[in-house]
Student: 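The following block contains the structure, expressed as structure tokens.
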Amino acid sequence: MEDAVINNFRGVYMSGSAAFKSEYLSDKQIIVVSILQSKMEKDLAKVIYDEVDKAIKENSDYKDFVLDTCRVTDVTIASFGYLMKAFTLVNKTAGYMVIVMKEEILQNFMLSNPEMFDFLAVFFNVDEAVKFIESKR
């Protein structure tokens, strides 16, 4: 699951694989990592954690972070630890950590893992997440 594509198109830097894509919106200083798989398992969560760490190091001037999980319909408990570690990385370095997810997944996570939402804003699409971040600057 190594990087397959790297592009620079109008201030958007992208890398990714069949499992995820990572974009840096340089004009907005926002990193967006999108999960492209429907099931989030431990191995994929570790790859996403590694990508979050890499994106932060490569884009040290970033201010905010969006994790787009709207394609995910199933999250295993085993993957949750890596996702929380990724959130912790971002929490230490960014202004906003925003997650995009389906409402059903949000409801399941809010019941089973309420601590996840202590420092996390949740939206249902990336555009709303970016507008929120920009409105708070």
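If you read the sequence from its start, that first residue is 1, and numbering goes on from there. Note: hydrogens, waters and symmetry copies are ignored here, and every other heavy atom, side chains too, is used. Just so we're clear, the structure is a prediction, and the values are computed from it rather than from any experiment.
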Student: For Phe65 and Val52: C-alpha separation, side-chain torsions, deciding distance, then whether side chain to side chain contact (heavy atoms under 4.5 Å, CB included) applies.
Tutor: CA-CA 9 Å; Phe65 188 95; Val52 168; 3.5 Å; yes

Student: Who pairs with Lys57 by side chain to side chain contact (heavy atoms under 4.5 Å, CB included), at least two apart in sequence or on another chain?
Tutor: Asp53

Student: To the nearest 0.5 angstrom, please state how far the OH atom of Tyr49 sits from the CG atom of Leu44.
Tutor: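 Between atom OH of Tyr49 and atom CG of Leu44 there are 15.5 Å.
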
Student: Mind checking what makes side chain to side chain donor-acceptor pair (under 3.5 Å) contact with Thr69, not counting sequence neighbours?
Tutor: none

Student: Once you round to the nearest 0.5 Å, how far does OG1 of Thr73 lie from CD of Gln37?
Tutor: 10.5 Å

Student: Would you please name every residue forming a side chain to side chain contact (heavy atoms under 4.5 Å, CB included) with Lys28, sequence neighbours left out?
Tutor: Leu25, Ile30, Val130, Glu134

Student: In chain order, what residues pass the ring-ring contact (aromatic ring centres under 6.0 Å, His included) check against Phe123, with sequence neighbours excluded?
Tutor: Phe132

Student: Would you list the pairs meeting salt bridge (Lys or Arg N to Asp or Glu O under 4.0 Å) in which at least one residue belongs to residues 75-90, sequence neighbours left out?
Tutor: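 Every pair satisfying salt bridge (Lys or Arg N to Asp or Glu O under 4.0 Å) with a residue in residues 75-90: there are none.
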
Student: Can you confirm whether Ile133 sits close enough to Val66 that some side-chain heavy atom of one is under 4.5 Å from a side-chain heavy atom of the other?
Tutor: yes

Student: Taking Glu128's backbone N and O only, do any of them form a donor-acceptor pair with Asn125's side chain (distance below 3.5 Å, no angle check)?
Tutor: yes

Student: If we only count heavy atoms from C-beta on, is the Leu67 to Ile48 side-chain gap below 4.5 Å?
Tutor: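 Leu67 reaches Ile48 side chain to side chain.
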
Student: Any donor-acceptor pair under 3.5 Å linking the side chain of Thr76 with the backbone of Met40?
Tutor: yes

Student: To the nearest 0.5 Å, how far apart are CD1 in Ile56 and CD in Glu51?
Tutor: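 Rounded to the nearest 0.5 Å, the CD1-CD separation comes out at 10.0 Å.
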
Student: So does Cys70 get a backbone contact from the side chain of Asp68, meaning a donor-acceptor N/O pair under 3.5 Å?
Tutor: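 Yes; at least one donor-acceptor contact below 3.5 Å.
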
Student: Could you tell me which residues satisfy side chain to side chain donor-acceptor pair (under 3.5 Å) with Asp61, sequence neighbours excluded, listed by chain and number?
Tutor: Tyr24

Student: How about Arg71 and Ser38: do any of their side-chain heavy atoms sit closer than 4.5 Å?
Tutor: no

Student: Taking side chain to side chain contact (heavy atoms under 4.5 Å, CB included) as the test, write out the residues that go with Asp50, two or more places apart.
Tutor: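 By the side chain to side chain contact (heavy atoms under 4.5 Å, CB included) rule, Asp50 matches Lys46.
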
Student: For residues 32-42, pull every pair meeting salt bridge (Lys or Arg N to Asp or Glu O under 4.0 Å), keeping only residues two or more places apart or in separate chains.
Tutor: Lys39-Glu41, Lys39-Asp74

Student: Please name all residues satisfying ring-ring contact (aromatic ring centres under 6.0 Å, His included) with Phe124, sequence neighbours left out, ordered by chain then number.
Tutor: none

Student: Taking all non-hydrogen atoms of both residues, which atom of Ser22 and which atom of Ala55 are closest, and how far apart?
Tutor: OG-CB, 4.0 Å

